[in-house]
Amino acid sequence: MGKLKNSDTHHLNFFDYGVPFTGSLGGIFGMQYRITRDPMVNTIYDKKERENPDARLLGEVWIGPLAYDKMDSEEITSKKFPFTEEGKAELVDWLNEIYEKEYKK
């Protein structure tokens, strides 16, 4: 299993729709991850919210095989990043670091 690349995730515009991007590294029993805009709202028709300077990218990870909605919140590790392309690259690096340290077998 190779590293996650920035190009493996969606462009920032995707997160303006208020939907999460999910994936995994290491298979179904490996590291599951979720990336969302925080706050997670549809900003396509809400220019004020789209330009919210407090908006962040939220990365979350947990051990599989359960889906995000079935996990206890205390079993999920999360971190916020700037809602920028640079922030998204930092988030991808963070996901790779966690995978290498805690989940890679």
Side-chain angles (χ1 to χ4, degrees):
M1 167 58 54
K3 286 188 171 190
L4 183 67
K5 295 177 282 192
N6 199 1
S7 60
D8 292 334
T9 64
H10 286 296
H11 189 274
L12 285 180
N13 301 24
F14 173 84
F15 300 103
D16 286 330
Y17 287 91
V19 294
F21 176 79
T22 60
S24 66
L25 290 170
I28 193 166
F29 291 100
M31 184 184 89
Q32 311 301 311
Y33 63 87
R34 181 175 191 250
I35 304 170
T36 58
R37 180 186 184 277
D38 183 44
M40 192 171 75
V41 294
N42 185 329
T43 65
I44 296 302
Y45 302 109
D46 186 345
K47 184 177 180 180
K48 181 179 176 185
E49 183 57 43
R50 190 174 338 128
E51 295 174 355
N52 179 353
D54 296 327
R56 299 286 179 261
L57 281 172
L58 175 64
E60 299 172 287
V61 298
W62 65 96
I63 189 95
L66 296 179
Y68 177 84
D69 294 341
K70 300 295 182 187
M71 294 298 298
D72 290 327
S73 60
E74 56 270 356
E75 295 181 45
I76 297 173
T77 302
S78 63
K79 186 172 180 180
K80 292 183 182 182
F81 298 85
F83 192 74
T84 62
E85 285 298 329
E86 294 82 11
K88 188 168 76 89
E90 290 175 30
L91 191 156
V92 169
D93 289 344
W94 176 74
L95 291 173
N96 284 321
E97 287 173 20
I98 290 178
Y99 177 69
E100 289 291 325
K101 288 179 185 174
E102 300 183 29
Y103 295 97
K104 190 173 181 180
K105 295 180 180 181

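All values below come from the heavy atoms of this structure, side chains included, with hydrogens, waters and symmetry mates left out.
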Open item on the list: Evaluate Glu102 against Thr77 for side chain to side chain contact (heavy atoms under 4.5 Å, CB included), listing each step before the verdict.
Closed with: CA-CA 12 Å; Glu102 300 183 29; Thr77 302; 5.7 Å; no

- [ ] For residues Ala55 and Pro39, report the shortest heavy-atom separation together with the two atoms involved.
- [x] CA-CD, 4.4 Å

So, do [X] and [Y] sit near enough that their side-chain heavy atoms are less than 4.5 Å apart?
X     : Y     : value
Lys79 : Trp94 : yes
Val61 : Gln32 : no
Met40 : Pro20 : yes

Quick one: list whatever passes side-chain hydrogen bond (donor to acceptor under 3.5 Å, both in side chains) with [X], sequence neighbours left out.
X     : answer
Thr36 : none
Glu85 : His11
Asp16 : Thr43

Open item on the list: Keeping Asp72 on the side-chain end and Glu74 on the backbone end, is there a donor-acceptor pair under 3.5 Å?
Closed with: no

Could you see if [X] belongs to whatever hydrophobic cluster contains [Y]? Use Ile, Leu, Val, Met, Phe, Trp, Tyr and a side-chain cutoff under 4.5 Å.
X     : Y     : answer
Phe15 : Val41 : no
Leu25 : Val92 : yes
Tyr99 : Phe21 : yes
Leu66 : Ile35 : no

- [ ] Determine, stepwise, if the pair Val19 / Phe14 fulfils side chain to side chain contact (heavy atoms under 4.5 Å, CB included).
- [x] CA-CA 8 Å; Val19 294; Phe14 173 84; 3.5 Å; yes

Task: Straight-line distance of Asp46 CG to Asn52 CG, nearest 0.5 Å - done: 9.5 Å

TODO: Please round to the nearest 0.5 Å and tell me the distance separating atom CZ of Phe81 and atom CD of Glu90.
DONE: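 One gets 6.5 Å once the value is rounded to the nearest 0.5 Å.
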
Task: Option among Asn96, Asn6, Leu57, Thr9 that satisfies the side-chain contact (heavy atoms from CB on, under 4.5 Å) test with Leu91 - done: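 Only one option passes, and that is Leu57.
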
Open item on the list: Tell me every residue that passes side-chain contact (heavy atoms from CB on, under 4.5 Å) with Glu60, counting only those two or more places apart in sequence or in another chain.
Closed with: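 Scan of Glu60 (side-chain contact (heavy atoms from CB on, under 4.5 Å), adjacent residues dropped) gives Arg34, Leu58, Tyr68, Ile76, Ser78.
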
Open item on the list: Taking Arg37 first and then Glu49, would you say they form a salt bridge - that is, a charged N and a carboxylate O separated by under 4.0 Å?
Closed with: yes

- [ ] Output, in order, the C-alpha distance, side-chain angles, deciding distance and verdict of side chain to side chain contact (heavy atoms under 4.5 Å, CB included) for Met31 and Ile63.
- [x] CA-CA 5 Å; Met31 184 184 89; Ile63 189 95; over 6 Å; no

TODO: Can you tell me which residue pairs pass the ring-ring contact (aromatic ring centres under 6.0 Å, His included) test with a partner in residues 32-53, sequence neighbours excluded?
DONE: none

TODO: Please check if atom OH in Tyr17 has more than 12 non-hydrogen atoms from other residues, nucleotides or ligands closer than 6.0 Å.
DONE: no

- [ ] Quick one: list whatever passes ring-ring contact (aromatic ring centres under 6.0 Å, His included) with Phe83, sequence neighbours left out.
- [x]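 Phe83 satisfies ring-ring contact (aromatic ring centres under 6.0 Å, His included) with no other residue.
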
